[in-house]
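Sending over a structure as structure tokens; questions will come in a sec.
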Number of protein chains: 2
Amino acid sequence: MAAQRGQRNGVGPAAPNAAEVTAPIPRVAEVPAARERARAIPEAAVARLAVYLRVLSGLQEQGAGTVSSEELAVAAGVNSAKLRKDLSYIGSYGTRGVGYEVAVLIEEIERILGLTRKHSVAVVGIGNLGHALANYGGFPGRGFPVSALFDIDADLIGVPVGGIPVDHIDDITRVCAEREVSIGVIATPPPAAQGVCDRLVAAGVQCILNFAPVVLQVPDHVEVRKVDLAVELQVLSFHVARRADGPAPASASLNGRVDGMVVS
Amino acid sequence: MAAQRGQRNGVGPAAPNAAEVTAPIPRVAEVPAARERARAIPEAAVARLAVYLRVLSGLQEQGAGTVSSEELAVAAGVNSAKLRKDLSYIGSYGTRGVGYEVAVLIEEIERILGLTRKHSVAVVGIGNLGHALANYGGFPGRGFPVSALFDIDADLIGVPVGGIPVDHIDDITRVCAEREVSIGVIATPPPAAQGVCDRLVAAGVQCILNFAPVVLQVPDHVEVRKVDLAVELQVLSFHVARRADGPAPASASLNGRVDGMVVS
DNA sequence: GTGTGTGAATGCTTTCACAGCA
DNA sequence: TGCTGTGAAAGCATTCACACAC
């Protein structure tokens, strides 16, 4: 009966499935809890908040104390209206006529994104890509320590990659429990992906990042995001093709529309 | 003045930016050209077409001659209405009461996605990730041969990775022209990404796949898609957090909503 | 009967534009 | 005066539901 949901995000449906789960649920009994608010943030906005966070960190390192929505928007590649709307989902932390305090914004976004917790990551499939991922060591932006590696190849078991010894995939349940893994990364060949996914789910992992070019079937409570190289390249290919036979030469440079914004 | 657009896709705004560029442009003078149609396909649908294509290839290998929208939809992780709508963007290739011929659909999707052409890929930044990408060799699903590698590290120049010798980044214009590179992949450290991007653009590359956690500024005619690990993980983190303090335990297993579909 | 193709309806997301506050 | 915060409008994407073709 395995219920199935569209896979969110990314590289695959690089663009699609924005909403799906984040629909502002009416919540019959108004729960007072402070961050029940989190419920109302559209998925599309969540992904952008992560981008704003990175830009803000950069600004902070440069010693910036405040930013305006316009500045931040330009740096993040969105328009300022969208940025303000996104920030409004997490609260009102700006000062009219002035802008936002960088430190405050960083703190609030981190809180909303749950970055105050640590999230242990397990990488399954230590091939080309798995190796590269394991070696990122600590994973982007810290807060995501890689704490377990799995493979099925006997020659790899015990070999340390990026400082972590590889475990056999049969030990996945035990090891994930011991190391409190909350995010599983699948970097196996396609045929193995669904099986690995099932094992991760059985081991209690509820968030999965899938690099295998396969549509995973998971139960409702598991969150999957995917990174799909082939899809990315094919979408780019589509644009190449569109360009080649599509636009009348004259309008070619005009039809990008003004969807970003003009940087002064 | 560098105009700037929201970056499409993915792993970053894993979900967002669905529309942006694909807006069905009214096209004043009805161009008769067969595949002017391509213009009208929403970006979100394009990404899904790539997924359908992969599923169809699998079906074909298994010897399937036809599929119904329902079967294909389940395999691709979407609902059948969406699938039919997506397919309708490329034409009417189904037979009512029967389904779609697998071979026909494959051919049509490949044509729309521009997979009848070959698209040479250049990878810039041969570190951890660049290595892994170069070694994919031929890149996912073929049709995307990696034909150039670049780095700035003198020790790497001339060393073959995945069969291709690494060139110095200063030769990017010449090499890209010689090998007719149409897609550039950026796998450099963040600080180098914008510079590399500018060079690729200067070299005439109009499609870029960006793995660096940086918002690239590009001219209007260049298409960028990004794969952003940090954003992916943070979106997952958000869901972990939402789960932890959000839902009343009782409804926990219900609030996934029926957004996928029930598989029989 | 069966399953496609599609207009119409719904629901998100983005954009606009301005009230309100520092 | 300047910039945030946000209702309202516009634009897309998804879903529904049914006419139509086989």
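The sequence lines fix the lettering, A, B, ..., with proteins before strands; numbering per chain opens at 1.
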- Return the 5'-most residue of the pair A/A81, A/V98 with respect to DNA chain D, ranking by each residue's nearest nucleotide. A/V98

- Task: Could you state the atom-to-atom distance from CD of A/E43 to P of C/dT13 in whole Å?
- Result: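 Taking CD of A/E43 and P of C/dT13, I get 9 Å after rounding.
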
- Is the closest basic N to carboxylate O distance between B/E232 and A/K226 below 4.0 Å?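 So B/E232 does not pair with A/K226 through a salt bridge.
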
- Euclidean distance, atom CD of residue B/E70 to atom C1' of D/dT15 [Å, nearest integer]: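 Result: 14 Å.
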
- Task: Would you mind reading off the distance between A/Y93 atom OH and D/dG5 atom P, rounded to a whole angstrom?
- Result: 10 Å

- Whole-Å distance separating the CZ atom of A/R48 from the C1' atom of C/dT13: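 From A/R48 CZ to C/dT13 C1': 8 Å.
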
- Given C/dG5, is OP1 or OP2 found less than 4.0 Å from the side-chain N or O atoms of B/Y100?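 Answer yes for this pair, as a side-chain N or O of B/Y100 is under 4.0 Å from OP1 or OP2.
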
- Task: Hey, which sits more toward the 5' end of DNA chain C by its nearest nucleotide, A/R96 or B/L87?
- Result: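 Here B/L87 is the residue nearer the 5' end.
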
- Of the nucleotides C/dT14, D/dT6, D/dC16, which has the atom closest to the A/S92 side chain?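 Nucleotide nearest to A/S92's side chain: D/dT6.
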
- Note on the structure: By nearest-heavy-atom nucleotide on DNA chain C, the more 5' of B/G97 and A/R84 is B/G97

- Message: Quick check on D/dT4: is either OP1 or OP2 less than 4.0 Å from any side-chain nitrogen or oxygen of A/S69?
- Response: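 Yes, because at least one side-chain N or O of A/S69 sits under 4.0 Å from OP1 or OP2 of D/dT4.
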
- Query: Between C/dG3, C/dT13, D/dG5, which nucleotide has the shortest distance from any of its atoms to the side chain of B/S68?
  - Reply: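 Per side-chain heavy atoms of B/S68, the pick is C/dG3.
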
- Query: Do B/R84 and B/S69 have a side chain donor and acceptor closer than 3.5 Å?
  - Reply: yes

- Go through D/dA8, C/dA8, C/dT13 for me and flag the one nearest to the A/A44 side chain. C/dT13

- Message: Rounded to whole Å, how long is the line connecting atom CD of B/E108 with atom C1' of C/dG5?
- Response: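 Rounded to the whole Å, the gap is 16 Å.
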
- Given A/E43 and B/H239, is the side chain to side chain donor-acceptor pair (under 3.5 Å) satisfied, shown in steps? CA-CA 10 Å; A/E43 181 106 353; B/H239 288 290; 3.1 Å; yes

- Answer yes or no: does a side-chain N or O of B/N79 lie under 4.0 Å from OP1 or OP2 of D/dT15? yes

- Message: Could you report the tightest heavy-atom contact between B/L200 and B/G184, atom names first, then the distance?
- Response: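 Scanning both residues, the minimum pair turns out to be CD1-CA, 4.2 Å.
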
- Task: To the nearest Å, give me how far apart CG (B/D86) and P (D/dC12) are.
- Result: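 After rounding, the gap between these two atoms is 17 Å.
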
- Among the candidates C/dA22, C/dT14, C/dT6, find the nucleotide nearest to the side-chain atoms of B/S88. C/dT6

- Message: Please pick, from D/dC16, C/dT4, C/dA22, the nucleotide with the shortest atom-to-atom distance to any side-chain atom of A/T95.
- Response: C/dA22

- Task: Identify which nucleotide among C/dT14, C/dT4, D/dG5 has an atom closest to any side-chain atom of A/K82, counting heavy atoms from C-beta outward.
- Result: C/dT14

- Message: Between A/R242 (side chain only) and B/L113 (backbone N and O only), is there a donor and an acceptor less than 3.5 Å apart?
- Response: no

- Item | Protein-nucleotide distance (A/E101, atom CD; D/dC3, atom P), rounded to Å | 17 Å

- Check the distance between D/dA13's P and B/L83's CG and give it to me in whole angstrom.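 Those two atoms, CG and P, are 17 Å apart.
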
